[in-house]
A.B. asks: 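Please read through the structure below; I'll follow up with questions.
Residue numbers begin at 1 in each chain, while the letters A, B, ... track the order of the sequences. FYI, side chains are in, hydrogens and waters are out, and symmetry mates aren't considered; it's all heavy atoms of this structure.
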Protein chains: 2
Amino acid sequence: MHSLKTFFNRLSPISAQSWDKLEALFSPQSLKKGDYFITAGETARDIAFLESGIIRAFYRNSEAVEYNKHFFTNPCFIGGYASLVTKTPNQIHQQALTDCTILTARYAGIQELYESCPDIERAARILAEQFFVQKEQREIEIVLLDADKRYEIFQKHFPQLEQQVPQYHIASYLGITPTQLSRIRRKMAGR
Amino acid sequence: MHSLKTFFNRLSPISAQSWDKLEALFSPQSLKKGDYFITAGETARDIAFLESGIIRAFYRNSEAVEYNKHFFTNPCFIGGYASLVTKTPNQIHQQALTDCTILTARYAGIQELYESCPDIERAARILAEQFFVQKEQREIEIVLLDADKRYEIFQKHFPQLEQQVPQYHIASYLGITPTQLSRIRRKMAGR
DNA sequence: GTGATTTCTTTACCTATGTAAATGCATTTG
DNA sequence: CAAATGCATTTACATAGGTAAAGAAATCAC
């Protein structure tokens with residue numbers, strides 16, 4: 001629970017009483033490599049804090065083409081945030097790429113705390129703002145940069161990930177095929 | 001101010017006292033077609049509520065290529081949200097595509113209200129969550145759909161906009177050139 | 001270790017979309 | 001009205017990146 005507390009306090013200071021209520025909502029759990037935390041079509045109920053491991057969030061379209069929208073590496077929150085917020089079905093899947101340990105909580109339980117703990121609602125506001133900022137940053141990369149530059153940014157942003165997950169997942173994150181990623185890698189190596 | 005009040009109350013109910021404080025922060029202003037509300041490189045200070053008119057938000061990369069990330073049509077909030085939240089310079093520009101009337105407020109003034117008015121902080125949380133959801137929705141369109149489908153969605157989402165702004169702005173929103181948009185239009189017309 | 005599976009790279013070919021330039025139409029401006 | 005400007009379309013050509021298939025390497029299972 002310690003890393004969770006640290007994470008929250010970095011968002012915004014949490015009083016001891018608020019933390020007690022919050023902590024009570026989370027319970028440890030583990031995911032095996034390949035397990036899904038959320039699935040498109042189902043409405044999310046839980047949010048979780050990733051203590052260790054790697055999770056990918058991805059879309060799959062009607063032709064079964066997948067797009068890895070994000071890799072979660074600990075410590076951070078995972079879960080179908082858009083689904084939790086809107087109470088509509090997930091459009092994304094989240095799958096463990098390695099064995100993971102997580103802390104899960106019912107999102108509704110957290111929402112109830114907003115009434116009695118304004119400091120928690122504040123942390124939630126700041127978290128939502130951060131999520132937005134991260135998405136905007138990623139949007140800029142996707143629409144304004146070519147695949148070569150996106151690959152360079154990926155390498156800087158997730159330094160170790162390239163050794164930990166298959167290359168086709170990285171290609172999917174970059175919005176290209178493994179074929180094209182291989183071409184880019186060859187081009188960059190011969191320089 | 002009425003549409004602003006309606007907008008806030010739809011996010012989450014605002015007490016009369018909170019509304020009085022909030023209303024006092026906003027003052028009417030107008031933008032001429034072509035005027036910029038925010039500019040990349042500058043740190044945003046104000047947020048605004050668009051009462052009438054059309055605004056485009058766009059990125060411009062180092063090669064002067066532009067990408068229209070969003071069209072704001074009233075009534076909604078405009079402003080460099082990521083910049084306001086992070087207090088770092090804007091990465092985007094926002095420019096009036098028609099004459100606009102807006103209500104502007106110092107964002108710092110709103111943030112100060114969070115202390116005394118939890119109902120306003122709640123509205124801010126919900127707004128941030130909505131911003132995130134909208135961005136995720138748009139991300140799905142960009143990465144998973146081809147330009148033809150994105151054009152169809154654009155037409156549904158902004159039914160009148162096609163008659164109100166030049167086609168090259170729409171092409172830029174779709175992530176293609178006017179040339180390609182023209183090809184798509186011809187293809188769709190001949191069917 | 002040996003075979004089986006998974007992952008990565010390479011090749012050949014194809015397609016969507018970009019670039020640049022020409023044209024035509026519509027709208028504004030003196 | 002005439003010229004100028006802005007915008008949409010078209011054409012010819014170029015290119016980034018996709019698809020499919022095959023081979024090479026690495027990893028896993030027994």
A.B. asks: Any pair with a residue in residues 105-116 of chain A that passes salt bridge (charged side-chain N to carboxylate O under 4.0 Å, His left out), sequence neighbours left out, goes on the list, sorted by first then second residue, please.
C.D. replies: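 Listed by first then second residue: A:Glu115-B:Arg122.
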
A.B. asks: For A:Glu139, enumerate each residue passing the salt bridge (Lys or Arg N to Asp or Glu O under 4.0 Å) test, keeping only those at least two apart in sequence or located in another chain.
C.D. replies: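 For A:Glu139 the salt bridge (Lys or Arg N to Asp or Glu O under 4.0 Å) partners, ignoring immediate neighbours, are B:Lys69, B:Lys135.
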
A.B. asks: Over 60° means perpendicular and under 30° means parallel, so classify the ring planes of B:Phe72 and B:His70, tilted if in between.
C.D. replies: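 Rings of B:His70 and B:Phe72: perpendicular, as their planes differ by over 60°.
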
A.B. asks: Has B:Arg185 got its NZ or CZ under 6.0 Å from the middle of the six-membered ring of B:Phe154, at an angle within 45 degrees of the ring axis?
C.D. replies: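 Cation-pi check for B:Arg185 and B:Phe154: fails.
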
A.B. asks: Where does the chain B footprint on DNA chain D start and end, counting 5' to 3' with a 4.0 Å heavy-atom cut-off?
C.D. replies: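 The contacted stretch runs from D:dC7 to D:dA12.
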
A.B. asks: Could you list who else is in B:Val65's hydrophobic cluster, with ILVMFWY side chains joined at under 4.5 Å, directly or through other members?
C.D. replies: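 B:Val65 shares its hydrophobic cluster with no other residue.
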
A.B. asks: How would you list, by chain and number, every residue that makes a ring-ring contact (aromatic ring centres under 6.0 Å, His included) with B:Phe49, sequence neighbours excluded?
C.D. replies: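 Partners of B:Phe49 by the ring-ring contact (aromatic ring centres under 6.0 Å, His included) criterion, ordered by chain and then number, come out as B:Phe7, B:Phe77.
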
A.B. asks: Please tabulate, for side-chain N and O atoms in residues 24-39 of chain B, each donor-acceptor pair with protein atoms closer than 3.5 Å (sequence neighbours left out).
C.D. replies:
residue: B:Gln29; atom: OE1; partner: B:Thr104; partner atom: OG1; Å: 3.2
residue: B:Asp35; atom: OD2; partner: B:Lys32; partner atom: N; Å: 2.9

A.B. asks: So for the helix from C:dG1-D:dC30 to C:dG30-D:dC1, with five pairs setting each end axis, what is the inter-axis angle to 10°?
C.D. replies: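 Both end axes considered, the difference amounts to 40°.
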
A.B. asks: Show the distances under 3.5 angstrom between N or O atoms of the protein and N or O atoms of nucleotides 15-19 of chain C.
C.D. replies:
residue: C:dT17; atom: OP2; partner: B:Gln180; partner atom: NE2; Å: 3.0
residue: C:dG18; atom: OP1; partner: B:Gly175; partner atom: O; Å: 3.4
residue: C:dG18; atom: OP2; partner: B:Thr177; partner atom: N; Å: 3.1
residue: C:dG18; atom: OP2; partner: B:Thr177; partner atom: OG1; Å: 3.0
residue: C:dG18; atom: N7; partner: B:Arg183; partner atom: NH2; Å: 2.9
residue: C:dG18; atom: O6; partner: B:Arg183; partner atom: NH1; Å: 3.4

A.B. asks: For A:Asp99, what residues pass the salt bridge (Lys or Arg N to Asp or Glu O under 4.0 Å) criterion, not counting sequence neighbours?
C.D. replies: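 Partners of A:Asp99 under the salt bridge (Lys or Arg N to Asp or Glu O under 4.0 Å) test: none.
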
A.B. asks: Taking atom types as modelled and ignoring hydrogens, do the side chains of A:Tyr114 and B:Glu121 form a donor-acceptor contact shorter than 3.5 angstrom?
C.D. replies: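 No.
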
A.B. asks: Pull out every residue in residues 154-173 of chain A that has a heavy atom closer than 4.0 Å to any atom of DNA chain C, ordered by number, or say none.
C.D. replies: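 Under 4.0 Å from DNA chain C: A:Pro166, A:Gln167, A:Tyr168.
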
A.B. asks: Please table the atom pairs, donor to acceptor, closer than 3.5 Å between any side-chain atom in residues 51-58 of chain A and protein atoms at least two apart or in another chain.
C.D. replies:
residue: A:Ser52; atom: OG; partner: A:Thr101; partner atom: OG1; Å: 2.9
residue: A:Arg56; atom: NE; partner: A:Gln95; partner atom: OE1; Å: 3.0
residue: A:Arg56; atom: NH1; partner: A:Glu66; partner atom: OE1; Å: 3.0
residue: A:Arg56; atom: NH2; partner: A:Glu66; partner atom: OE1; Å: 3.3
residue: A:Arg56; atom: NH2; partner: A:Gln95; partner atom: OE1; Å: 2.8

A.B. asks: Taking only heavy atoms on the protein side, list every residue of residues 91-100 of chain B lying under 4.0 Å from any atom of DNA chain C, sorted numerically.
C.D. replies: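 Result for residues 91-100 of chain B: none.
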
